[in-house]
Amino acid sequence: MLTNIFKTSMRNLWKTKGYSFLNIFGLAVGIAAAAIIFLWVEGQLTKNSHFPNKEDIYIVKSKHTYDGTTYVFDSSQGLLGPTIKQEIAGIKHTVRTDWGTSLLFAVGDKSLYQSGFYADPEIIELFSMEFLEGDRKTALDKPENIVLSQSGAQVLFGNQPAVGKTIRINDSEIYTVTGVTKDFPTNSSYKFKWIIPFKKYEVGKEWLTNWGSNSLMTLVQLEPNANQEQINKQLYDFVKRKTNGDVFFSANFLYPMARWNTYNVFDKDGNEQEGNIKNIRLFTIIAAIVLLIACINFMNLATARSEKRAKEVGMRKVVGASRKSLIAQFIGESLLYALLSTILAIALIYLAIKPFNTLIGEDLSVDLLKPLHLGFLLTIMFICGILAGSYPALYLSAFNPLTTIKGGKQKTGSAGLVRRGLVILQYTASIVLIICTIIIYQQIQHAKNRDLGFERSQVITTAQQGEMGKHLDVIKEQLLATGNIERVGLSNTNILNVGSNTSDFKWEGKDPNANILISLMNVDEDLIPSLSMHMHDGRNFRSKFVGDSTSVVINQAFAELIQPDGMVAGKILDWSGRPYTIVGVVKNFVYNDMYATPSPIVFSAIDNNSGLLNIKTKANVDLQQTVQQVEKIIKENNPNYPFEYRFLDETFNNRFSSELFIQKLASIFAIISIIISCLGLFGLAAYSAEQRAREVSIRKVLGASVRNLIAMLNREFMLLVGISCLIAFPIAWWFMRDWLSDYNYRIAIGWSVFALAGGLALVIALLTITSQAWRAATSNPTKKLRNE
């Protein structure tokens, strides 16, 4: 029976090769799209799964409430890790780390930056690191030891053994390599080239012993049978006791690694919200919809070709074929088509995976020998085959044999209605995706074009390294002397990402019960003019900070907390018991959250020995030539350090990576769904033109113009696309209204978006259908009528 099904299927495939190719290709595109998204979803859901004790690993988070809003940070106190391990039962390992650092490594004449962490030695056991060289038990037991990752060692020492060799770091300190570990997989939350003992990081940092200072990360591994909720309660009481019951103490809690990549978002009350899991769910649904659209194509084209196979069905029934055997035949054909589609889809996946990785910045890979990957493809193939072939099988097998043999037509009203409904469903999904893509793009552009309160274009940023602090005045003079540089300002951090904050400010009239979070940034006198910020009140810092050592500049948001009109120049701030004079108020500018209203911030004097140079170029200069000039000057004054730089615009654009990712994927799936829908529409239009060839010929003989004939053949399909628009518009509006509600600074959804998406869908459909309508309308009518 299987042999007969295969032979018959191949014969029918060859007879209808044009329509069959549309079926196979459309289904292949749908399967390939779904498979690629499956790879992405797999990577997201299995992030950090390579850690054998993932279920027992946590990060210590802290909750702080400021002015009625609860913030959740990944930071904790320096004393917390070692102390809770001793005093709270159920904790197996604790590890303190910094936030990740890039250091200059020098080996021989090789000099390059490598990123890594300062961490407690227990990180080796907590992450179950696999050592390729060295002794895991002693690798991090001395401050001058360093452990390298496999890739980090390869870059520095090639294929030579690394253990025992020395590395010069930041042109000053010597470290000995005591271990080389196997690289973590790409879907790990922790990526490093080196680890240096935390003891080295502690030197000179007295604030690490302050229970009120949350300044680093603490990782915890619990014993297998430990109760997380119970330990969280103990942790809360423990920290409250250590801070002497301070009403503003840090409420620390353990947050599991299993949720880092899927949730890890908190509302203004400090409650966990859905994070990346929303994107995972969203694109899983979209992939399923695209796959469904591909299956719809198959059903449409199969039922549309029903009359061509009516006599075959009738003859087979007459000679004794049962309906069951006919259903098996048609399902068998569908499965064969699905098999061919899957084979073609595999080729498409391998062709598309690299461009897709480049587009979304991932490193997905296909492994057909992996049981999960092979099982997914076989499952999708089987589901698509059954789903796509079920309705045609039931429909075709129900034909009346006597009617078909006599040449009569079957009652196809229900089939036509189903086809129309499926076309509407296809285009509804496609139009929804088009609308979503347009609105996401508009929202991103809306935020990008926002007045930030400072000038971000043509600003080069480069970290101050090595001896630059000693020569900073010379560097500034030489840069300005090029004629291409307008100003050079120094700050301790990037203006877009201010990480330091405190609630230790007091002023006259402040509510003693108010706990307000104020951001901190250290700058020199040139930073404000370098970024074209404007003063609201008072003045900027004086040159060289003469007389300004206890002066601060604040923004409007802070000034309005002190006094409603924000005119507070000359007033005194108490900062941790020391008085500071507000000499100026800068107009509000956007930082950290590109969608939020500006938060209070304080500018204070910077130490010239560290920080970030913000180099503002003049308008219309040759940026490439200017960068070369900047590099030459900085390397002359700091020859032992490589020159690295970024444009502030580039840093700004990176703040929208999440939104851009959603936009890119939505765009891809919108295009794919349109392509698949057009394939089906093309096939149905061709079949419709073929079925109405006699009518077209008669109308043409009677004087109908080509234009009128094309309009007649297009009318039905354009009506279906129009109905799809009416259904898609409210669905897309509801969905995007919910998506936009997460942003404080957002666009309003205008009618033009729906007009554009609907018009685009109608034009694409019209072009697809007209190609077949034109062919039918311009054919020779006498040839068709002679055959009739």
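Along the sequence shown, the residues carry numbers beginning at 1.
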K.L.:
For the residue pair Q228 / Y255, report whether a side-chain donor-acceptor contact shorter than 3.5 Å exists.
P.N.:
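Distance-only check fails for Y255 and Q228.
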K.L.:
Return yes if a side-chain donor-acceptor contact under 3.5 Å exists between Y591 and S519, otherwise no.
P.N.:
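Side chains of Y591 and S519: pair found under 3.5 Å.
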K.L.:
Tell me if the OH atom of Y350 is crowded by more than 12 foreign heavy atoms within 6.0 Å.
P.N.:
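Atom OH in Y350 is crowded, with more than 12 foreign heavy atoms closer than 6.0 Å.
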K.L.:
Is there a donor in the side chain of N261 and an acceptor in the side chain of Q44, or the other way round, less than 3.5 Å apart?
P.N.:
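There is such a pair (donor and acceptor under 3.5 Å, judged by atom type) between the side chains of N261 and Q44.
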K.L.:
I'd like to know if the side chain of K205 and the backbone of Y201 have a donor-acceptor N/O pair within less than 3.5 Å.
P.N.:
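Checking the backbone N and O of Y201 against the side chain of K205, a donor-acceptor pair under 3.5 Å is found.
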K.L.:
Please determine whether salt bridge (charged side-chain N to carboxylate O under 4.0 Å, His left out) holds for the pair K370 and E42, giving the CA-CA distance in whole Å, both sets of side-chain angles, and the decisive distance to 0.1 Å.
P.N.:
CA-CA 12 Å; K370 190 174 181 179; E42 178 192 25; 2.8 Å; yes
K.L.:
Give a yes or no on whether a salt bridge exists between E122 and K92, defined as a side-chain N under 4.0 angstrom from a carboxylate O.
P.N.:
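Salt bridge between E122 and K92, a charged N being under 4.0 Å from a carboxylate O: no.
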K.L.:
Checking T94 side chain against G81 main chain: does a donor-acceptor pair fall under 3.5 Å?
P.N.:
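Indeed, once roles are kept as given, a pair shorter than 3.5 Å links the two residues.
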K.L.:
Which one of E55, E272, E274 satisfies the salt bridge (charged side-chain N to carboxylate O under 4.0 Å, His left out) criterion with R259?
P.N.:
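Of the listed residues E55, E272, E274, the salt bridge (charged side-chain N to carboxylate O under 4.0 Å, His left out) partner of R259 is E272.
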K.L.:
If you count every heavy atom of other residues, nucleotides or ligands that lies below 6.0 Å from F376 atom CZ, does the total exceed 12?
P.N.:
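Check passes, neighbour count above 12.
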K.L.:
A quick test of your reading: do over 12 heavy atoms of other residues, nucleotides or ligands sit less than 6.0 Å from CH2 of W207?
P.N.:
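Correct, the count exceeds 12.
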K.L.:
So, Y441 and Q443: side-chain donor and acceptor under 3.5 Å apart, yes or no?
P.N.:
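Result is no, nothing qualifies.
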K.L.:
Is the Y118 to F198 ring centre distance short of 6.0 Å?
P.N.:
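Centroid separation for Y118 and F198: 6.0 Å or greater.
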K.L.:
Would you say the side chains of N276 and T262 form a donor-acceptor pair under 3.5 Å?
P.N.:
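Checked: N276/T262 side chains show no N/O donor-acceptor pair below 3.5 Å.
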K.L.:
Are T70 and T65 close enough that a side-chain donor and a side-chain acceptor fall under 3.5 Å?
P.N.:
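Short answer, yes.
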K.L.:
If we ignore hydrogens and angles and just use 3.5 Å, is the side chain of Q221 paired with the main-chain N or O of D56 as donor and acceptor?
P.N.:
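Pair absent, no side-chain N/O of Q221 close to backbone of D56.
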K.L.:
Checking K200 against N145: is there a side-chain donor and acceptor pair closer than 3.5 Å?
P.N.:
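No pair is found: no donor N or O on one side chain lies under 3.5 Å from an acceptor on the other.
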